Amino acid sequence: MELEKVYDPRAAEPEIYKYWLDGGYFKGVADTQKRPFSIVIPPPNVTGQLHLGHAFDNTVQDILTRMKRMQGYAAVWVPGTDHAGIATQIKVEEELRKEGLTRYDLGREKFLERVWEWKEKYGGRIIEQLKLLGSSCDWDRERFTMDEGCSRAVREVFVALYEKGLIYKGSRIINWCPHCVTALSDTEVEHEEQAGHFWHIKYQIKDSDEFLIVATTRPETMLGDTGVAVHPDDERYAHLVGKTVILPLMNREIPIIADEYVDRDFGTGCVKMTPCHDPNDFEVGQRHGLEQILVLDNDAKVINGGKYNGLDRYDARREIVADLESLGLLVKVEEHAHNVGKCYRCGTTVEPITSPQWFVKMEPLAAPAIEVVKDGRMKFVPERFAKTYLNWMDNVRDWCISRQLWWGHQIPAWYCADCGEITVSRTDPTECAHCGSAKIERDPDVLDTWFSSALWPFSVFGWPDKTPELDFWYPTTVVTPGYEIIFFWVARMIFSGLEHMDDVPFRTAYIHGIVRDDQGRKMSKSLGNGIDPQVIIDKYGADALRMNMISGVSPGNDMRFYIERCESMRNFANKIWNASRFVLMNLTVTDATLPDALELEDKWILTRLNAAIREVTDNLERYELGVAATKLYDFLWDDFCDWYIELTKPRLNGDDATANANAQRVLLYVLSETLKLLHPFMPFITEKIWQSLPNADGAIMVSRYPEYDAKLDFAADADAFTLVIDAIRAVRARRAEMNVPPSKRPILTVVTAKTDVFTDSRDLLRKLAYAEDVTVLSAAPSSVDGLVAVVTDAATLYMPLAQLVDLDAERARIGRDIEKTKKEIASTEGKLANTEFTAKAPDRVVQVERDKLVKAQALLANLEQSLRNL
RNA sequence: GGGAGCAUAGCUCAGCCGGUUAGAGCACUUGCCUUACAAGCAAGGGGUCACAGGUUCGAGUCCUGUUGUUCCCACCA
């Protein structure tokens, strides 16, 4: 079957994807006869649109899965989406706002219906987009973090942890987002340095003329001050400890306390204490029994703040500063850069407030999670991320898991109106477990969206049920998140897996960087610098996009996205296409087995192919995808297309039918193996071409992955053939220098000790070195007058082109070459004379130097001879 | 305050276990429409591998320090 003239990915890709789906090739079967390989997708948000980060991440997963599948593993790649609590709820609320409604207008039930509708409508979009990339997910296993099974897993985990005392409810300082109107965990807060002010305020000592000066970046919190702290050893204030100050504006009497927390050298050494709105003050307050006064409500408006009540936090700040100033209590205002916490979903500045929330007690869970990384049961690639992880895990604080949202897994806790106790249950209770009262009410809050993501590696396989899939595929082989979700997701999967499955969730976490724009900026909606992968796929094809993202990146590093690189990868796809066309249009045999009689150039390409197979496979096993892709690119373009295809032309166009057929068979063999090797990277085009090959038996995606074959390693012959390649290169270079047009085809005389090699390759030299005819001699002809000599270490090639040459320039050139070669000889001899080197360096390395010396000496001899002949 | 990454050709980046003359893509120069491919072929120019020390027979690669830069974590109000 012949291929069309131009490869059109737009037409081919959907067709091929359908072919795979129809063939059921993506299906993972828990076949205990085979070795398991499993990946669970980092579930994209249902709200999500495919962006380049997803494209990269999923390309990585697809490459690994496709390779393992071809290697005969029982491979499964489980897809799915995340309900993305806050993000999704915000989206739907925005939609409601356009109708002039809020979620409260609808009520919880109706609102949730809306979200589900929304999810049904848009939730599948990203899945469809993943398919455009060629993702070989087992779509029958597609899951959603709020589907029935995942919800059951969440419920089970919550109850189990509660029963173990690892989930508790308590009133503690949490991060509050006034825009999303919910608590956030520490990981959900992004810190950003911001220019601000440092207000120095006078607090009058009671019954005294003295006063303290406190400094603050958030003056509005003073409304909730319930103390002033100084360092116990600070002599400046020692006499005041135990006394009280009158809190300005509020005219409240608050104590001066001494606590080690205070840094004497920072600010004035006096710190106002606002236990309800600062985590440190909270702790100091607990130590000293300070009163807690909440002065900001859920919308960050002032409460319990006298005349400031109802003001927004920033309006309150302005008024308070103005009032302090007019009272003469504002001593000074400094410029001050400080870190402000922002909500990772909406960017609003979060407010630390005390609030009753649910927490996961981390210490007991963290210990084994640290252990498995330290003892190597689980490994990070690249390794440095283990450090990032351990550092976080070592200092982890309790995880605030309750969210004041409606979209999510509602917390299975009921409060009793009679006895005040909490009932937590696997099934919905009708009465209080403590007093039997029927007056119980369910906690309205839902769980952090990451709570369900943490269970993903086992919930997708049916946990808490014991399923054959769970048994076979858990722990998963590898997970491939970006470094930005190590804490959000990776860390939580690890301790959850260990706690509930008693084993790590994955053997390897292959962490990658993020995709940036061509200026190195993060892609974001606000910058408008995002690139839609679909547009790229449309224009260049999914294969080109994949190859662009993979080649030349190193593990864990960020990458910049250059559209021009897509173009060069599309060109690469085209190159493959045309090389395949060439093979097919010359094809009369259908036999892709190798002939017994192999020419030197056949042995050369087979040896190169073997090396490519071994190296690419090794690289993939070690997660060095970028290097693997580059090697394939080079092998296919340089070795196969630029050299081997050209080298077969004399035989394909020649009269010897057997030689012709043999060349075809080698071509077909090498092409087939190369396509297989390339398939995980560029699945569409390789499948498309494969389907046109006479030896194709089914889909390439389920063909056998190439393996290194010692029988096809012809190192010596390949080396010998390299001499011919060197000679061809040298001739071409000289011709180019002399501006000889390709149409001018001189008779080439090759003088070499390796007459057999060059005699075998006469046809090749004729074609590739543009010779009319080729004569191979073992000694220089008696007269070389009028001949131009091209010198390599293995041969001197003579061409009757002297009329084109300036003899003086020629002498100078050869002189330069001689100097260069002499230098190389000197340096090599120096190395070899160094007994330290010969004694300590590995034999292999010493041998390389010896070979180099021999070659250089041969080259020198040839150069000197041709200088004499001139 | 702690930790990490990066610094290699004009640009963007590779360089996997230390071992030939440091590579690629794009850009640039020259010559070619050679019946697979001009989305191509051939040839070429371009690098003090940030800086300073050290280890080693041998350093872009390992170690120490310096500078610049990016990021992560952290309760100096």
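Proteins get letters first, then strands, A, B, ... in listed order; numbering begins at 1 in each. No experiment lies behind these values; they were computed from the predicted model shown.
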Nearest-angstrom distance, [atom1] atom, [N] to [M]:
N	M	atom1	value
B/rC51	B/rU8	C1'	14 Å
B/rG2	B/rC75	C1'	14 Å
B/rG54	B/rG60	P	15 Å
B/rC49	B/rA7	C1'	10 Å
B/rG5	B/rA14	P	14 Å
B/rU61	B/rU20	P	14 Å
B/rU69	B/rA24	P	32 Å
B/rG46	B/rG1	C1'	45 Å

Are any of the side-chain nitrogens in [X] or [Y] under 4.0 Å away from the carboxylate oxygens of its partner?
X	Y	result
A/Asp618	A/Arg614	no
A/Arg844	A/Glu849	no
A/Arg516	A/Asp558	yes
A/Lys631	A/Asp634	no

Is there a side-chain polar atom (N or O) of [X] under 4.0 Å from OP1 or OP2 of [N]?
X	N	answer
A/Lys387	B/rG3	no
A/Lys831	B/rG58	no
A/Trp637	B/rC41	yes
A/Lys823	B/rU21	no
A/Lys649	B/rA36	yes
A/Thr630	B/rA14	no
A/Asn557	B/rA14	yes
A/Asn391	B/rA4	no
A/Arg397	B/rC75	yes
A/Arg560	B/rC13	yes

Counting any heavy atom closer than 4.0 Å, what does [X] reach on the DNA or RNA strands: base, sugar-phosphate only, or nothing?
X	answer
A/Ile486	nothing
A/Asn339	base
A/Phe487	sugar-phosphate
A/Arg622	base
A/Pro842	base
A/Lys631	base
A/Asn834	sugar-phosphate
A/Tyr562	sugar-phosphate
A/Glu283	nothing

Please give, in whole Å, the distance from [N] [atom2] to [X] [atom1]?
X	N	atom1	atom2	result
A/Phe282	B/rA77	CZ	C1'	17 Å
A/Met549	B/rU12	CE	C1'	14 Å
A/Leu632	B/rG25	CG	P	15 Å
A/Asn586	B/rA36	CG	C1'	8 Å
A/Arg570	B/rC26	CZ	C1'	14 Å
A/Met738	B/rC32	CE	P	16 Å
A/Tyr483	B/rC73	OH	C1'	14 Å
A/Tyr540	B/rG25	OH	C1'	14 Å

query: Does any N or O donor sit under 3.5 Å from an N or O acceptor when you compare the side chain of A/Glu624 with the base of B/rA14?
result: no
A/Val845 or A/Ser551, whichever maps to the more 5' nucleotide of RNA chain B: A/Ser551
field: Result of checking A/Asp278, A/Asp225, A/Asp281 against A/Arg218 for salt bridge (charged side-chain N to carboxylate O under 4.0 Å, His left out)
entry: A/Asp278
- prompt: What is the ring orientation for A/Phe488 with A/Tyr344, classed by angle as parallel under 30°, tilted 30 to 60°, or perpendicular over 60°?
  reply: parallel
task: Report the relative orientation of the aromatic rings in A/Phe640 and A/Phe635; use parallel for angles under 30°, tilted for 30 to 60°, perpendicular for over 60°.
output: parallel
Watson-Crick or G-U wobble mate for B/rU55, both contacts under 3.5 Å: none
message: Under a 3.5 Å cut-off for both contacts, is B/rC28 paired Watson-Crick or G-U wobble with anything, and if yes, with which nucleotide?
response: B/rG44
query: Hey, is B/rC17 sitting syn or anti, using the within-90° cutoff around 0?
result: syn
message: Would A/Trp643 and A/Ile725 count as a side-chain contact (heavy atoms from CB on, under 4.5 Å) here? Give the steps.
response: CA-CA 9 Å; A/Trp643 283 103; A/Ile725 290 180; 3.7 Å; yes
